[in-house]
Engineer: 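Structure in structure tokens, see below.
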Amino acid sequence: MSLPKSTGTAKTVKQNQRRVTYTKAGLQKIAHELRIDVLKMLEKAKSGHPASALGTAEIFSVLYWDYLNISPQNAQDPSRDKFILSNGHICPILYATLAKKGFFPETELNSLRKINALLQGHPDRNIPGIETTAGSLGQGLSLATGIALTQKIEADTANTAGNTATTTKVIVMTSDGELNEGQTWEAAMYAPRHSHTPKYTLDNLTWIIDRNNIQISGHTNEVLPLENLREKLESFNWYVLEIDGHNISEIQGALKMAENITSRPTVIIAHTIPGKGVDFMEKDPKWHGKAPNREQMQDAVAQIKNLLKNIKDY
Amino acid sequence: MTRKSTKQLKSKSTRDAFGEVLPELAEKIPELVVLTADLADSTRVTGFAEKYPKRFFQIGVAEQNMASLAVGMSLAGKIPVITSFGVFSPAKNWDQIRVGVCMNEANVKIVSTHCGINVGEDGATHQALEDIALMRVLPGMKVFSPVDFEETKEVVRAAFLEEGPAYVRLTRAKTPVLEEASAKGSKNFKVGSPYVLEEGTKVALVGTGPILTEGLFPAREINEKYPESIKVVNIPTIKPLDVKKFLGTLEGISHVVTLEEHQITGGLGSLVSEILSMEGLQKPRKIVRMGMQDTFGESGSYEDLKKKFGLDSESIKKVLLKELKEAGI
């Protein structure tokens, strides 16, 4: 088994787990490299969703290089952690992540959204590393809840039989605009407070909301206001964390905290800047679903490369 | 063999057959779990719930969550059965079934009761008349519509034991159990196969679901007077349908009457029209589609509703006689 290929700074190598741990600067570097991949992919594809893909780069970097036990080597192993992307339209960042992790050749990124190519416009389960086909908003939280619940059932059955069964981490990401979908709230109601006996506490479930305040028609507070989001989720009995979704330490800390909360599932409201790192894209809803042209891509990539030069560890 | 008339037959609902066969399948399939959207009693899953409380999940009135939750459970190794009325599931959660169940090829079973006007008094909003159309357009989805109580058990066994998404369309009303009427009937069920309930050479009555029993007996009455005139073909599997076998049952027949408790568009009437249109000019056939004629149902007793919408045995007999006359007695 080869080590995950990465240009990140390896601090230590745990031989027994064959996993590399990355410094914060290393993770930040990966995030920026993913951004460059996303920009290049979208320019070639001539369509797609750059804003949220760029805005979640740090989260993907931490999830896949620091937190989740997911690799091409354990892709078929039931004990792998599960990551469900509900807001499927941001898949370029997931594709860039999976390519960098070695799930498929990085050259595949060049044919995103092209006929007969591997990488579909929205996640498809036939793509290595993708757990579920997704794209119609609102379904991911329910689906992830189903996985987390089943793991708890299996663990309970194993315990009853005197065996042990371990659950995995189940992480689902949704967008904030996606919270307009009623189904999200059906699942939000169900996961922490279902009526089943035995009461399965879904502490293996963590929901990350990419709170970037934009959706396709404009700002979220103009389309359908979501606030007070924290209070809403708390009232549904979720353990709520709010973080700066670009701060590697805060992302790491929140995920660690989520793991330690055993009384209920956790939701992390990750405040992010759509289009992060590219000055003409940042916070502008018009980049929700529009690909950069060649010049814009080159400008944007130059900006990210500049950021890459100035990474400091913290 | 003396044949019994409709009135002499036992009447049982197909939803009751589901309730009966479920514990048996639960025994056979340890991964089987059942989900309800607050309609456990009406969909007849309370027996299962009592016997297997740990495998029964109350989701609340949330069919969309129920469907996607089932996808997740399926991907984690369970075989979930989602249950509700046809108007709620697969209608309200069609997108969750399309993207979640079908595109993920999830091993989820959709069992819906209260399909058709036999729902009766609850009225139009609760009578699923579009569900066959909704399900048969989905790639990878199997669609079953059993004719009676006994066949329902066979259908559910097959749908659950075969891997992959499946939809089972069930009904609320007590309708004739054909087992007692004929040595044929439910024992003939095989996934994909249409089969003949009554031999005939001139007009074919092609039906699906318990409403076919409403047409079977007038067909037999006609055949007593004009032997072997009306053939009755049962279509318990809407999809996948063995087209060759189906066309075989219609060999030499010029007039086809379809019968369903569903809109004539999108359901069996459409299916038969699609198949027969591919036959081309070599075998021109007339098709008469009996079912809901692009209209919703309404409140009333099942008997009254059948009469109002022309799906009672008298109306069916009239149509069959008219077509028989045209085909040549």
Side-chain angles (χ1 to χ4, degrees), chain A residues 78-80 82 84 86 88 120 122-126 130-157 159-160 165 167-168 170 172 181-191 193-200 202 204-205, chain B residues 26 30-38 40 49-50 52-82 84 88-89 92-109 138-140 164-165:
Chain A
S79 71
R80 73 188 181 281
K82 312 291 184 305
I84 307 297
S86 187
Q120 300 296 300
H122 288 82
D124 184 291
R125 67 187 284 272
N126 295 310
I130 301 280
E131 293 285 347
T132 65
T133 295
S136 179
L137 297 175
Q139 300 182 15
L141 183 59
S142 302
L143 201 147
T145 303
I147 296 175
L149 174 65
T150 303
Q151 291 186 353
K152 288 290 177 179
I153 299 166
E154 298 300 336
D156 178 65
T157 311
N159 283 341
T160 312
T167 58
T168 74
V170 182
V172 55
E181 291 280 3
Q183 184 184 357
T184 304
W185 299 98
E186 292 181 1
M189 225 186 303
Y190 181 87
R193 280 206 169 117
H194 66 83
S195 62
H196 197 264
T197 310
K199 166 89 180 171
Y200 297 115
L202 304 184
N204 49 342
L205 176 66
Chain B
E31 301 88 4
L32 194 83
V33 292
V34 175
L35 284 67
T36 184
D38 201 19
E50 279 159 23
Y52 300 97
K54 282 188 167 184
R55 292 163 66 180
F56 177 73
F57 296 85
Q58 172 61 266
I59 310 302
V61 196
E63 296 79 10
Q64 300 180 13
N65 187 38
M66 175 167 72
S68 302
L69 202 73
V71 175
M73 294 178 88
S74 153
L75 296 177
K78 295 290 175 192
I79 302 176
V81 183
I82 62 172
S84 185
F88 307 131
S89 173
K92 200 182 268 191
N93 54 10
W94 184 81
D95 176 43
Q96 286 72 17
I97 292 169
R98 175 179 180 266
V99 178
V101 177
C102 293
M103 290 191 186
N104 285 305
E105 294 170 55
N107 198 9
V108 173
K109 313 302 177 186
L138 293 174

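Note on naming: letters A, B, ... go to the chains in the order of the sequence lines (proteins, then strands), and numbering restarts at 1 for each one.
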Engineer: For the residue pair B/Gln64 and A/Glu186, confirm or rule out a side-chain donor-acceptor distance under 3.5 Å.
Structural biologist: no
Engineer: What part of A/Ile84 gets within 4.5 angstrom of chain B, counting heavy atoms only: side chain, backbone, both, or neither?
Structural biologist: neither
Engineer: With a 4.5 angstrom heavy-atom cut-off, could you sort out which part of A/Asp124 is near chain B: side chain, backbone, both or neither?
Structural biologist: neither
Engineer: What's the separation between atom OG1 in A/Thr132 and atom CE in B/Met103, rounded to the nearest 0.5 Å?
Structural biologist: 12.0 Å
Engineer: Between chain A and each of B/Gln96, B/Glu63, B/Arg98, B/Glu105, count heavy-atom pairs under 4.5 Å; write down the option with the most.
Structural biologist: B/Gln96
Engineer: Please state whether the side chain, the backbone, both or neither of A/Pro78 comes within less than 4.5 Å of a heavy atom of chain B.
Structural biologist: neither
Engineer: Determine the minimum heavy-atom distance between A/Ser142 and B/Leu69, stating which atoms define it.
Structural biologist: O-CD1, 3.2 Å
Engineer: Rounded to the nearest 0.5 Å, what's the gap from CG on B/Leu75 to CZ on A/Arg125? Could you check?
Structural biologist: 7.0 Å
Engineer: Would you mind checking which part of A/Thr160 comes under 4.5 Å of any heavy atom in chain B, side chain (CB onward), backbone (N, CA, C, O), both or neither?
Structural biologist: side chain
Engineer: Tell me the closest heavy-atom pair linking B/Val99 and A/Ala134, and the distance in Å.
Structural biologist: CG1-CA, 4.5 Å
Engineer: Can any side-chain N or O of A/His196 pair as donor or acceptor with the backbone N or O of B/Ile59 at less than 3.5 Å?
Structural biologist: no
Engineer: Identify which of A/Asn126, A/Ile147, A/Thr145 forms the greatest number of heavy-atom pairs closer than 4.5 Å to chain B.
Structural biologist: A/Ile147
Engineer: So B/Asn65 and A/Met189, do their side chains get closer than 4.5 Å, heavy atoms only?
Structural biologist: no
Engineer: Could you please spell out the steps behind the side chain to side chain contact (heavy atoms under 4.5 Å, CB included) verdict for A/Thr157 and B/Lys54?
Structural biologist: CA-CA 10 Å; A/Thr157 311; B/Lys54 282 188 167 184; over 6 Å; no
Engineer: If you compare all heavy atoms of B/Met73 against all heavy atoms of A/Gly146, which two are closest, and at what distance to 0.1 Å?
Structural biologist: CG-O, 3.4 Å
Engineer: List the atom of B/Val71, the atom of A/Leu143, and the distance in Å for their closest heavy-atom pair.
Structural biologist: CG1-CD1, 3.6 Å
Engineer: Between A/Ala144 and chain B, which part of the residue has a heavy atom less than 4.5 Å away: side chain, backbone, both or neither?
Structural biologist: neither
Engineer: If every non-hydrogen atom of B/Ser68 is compared with every non-hydrogen atom of A/Gln183, which pair is closest and at what distance?
Structural biologist: OG-NE2, 2.7 Å
Engineer: Pick one of side chain, backbone, both or neither for A/Glu154, based on which atoms fall under 4.5 Å of a heavy atom in chain B.
Structural biologist: side chain
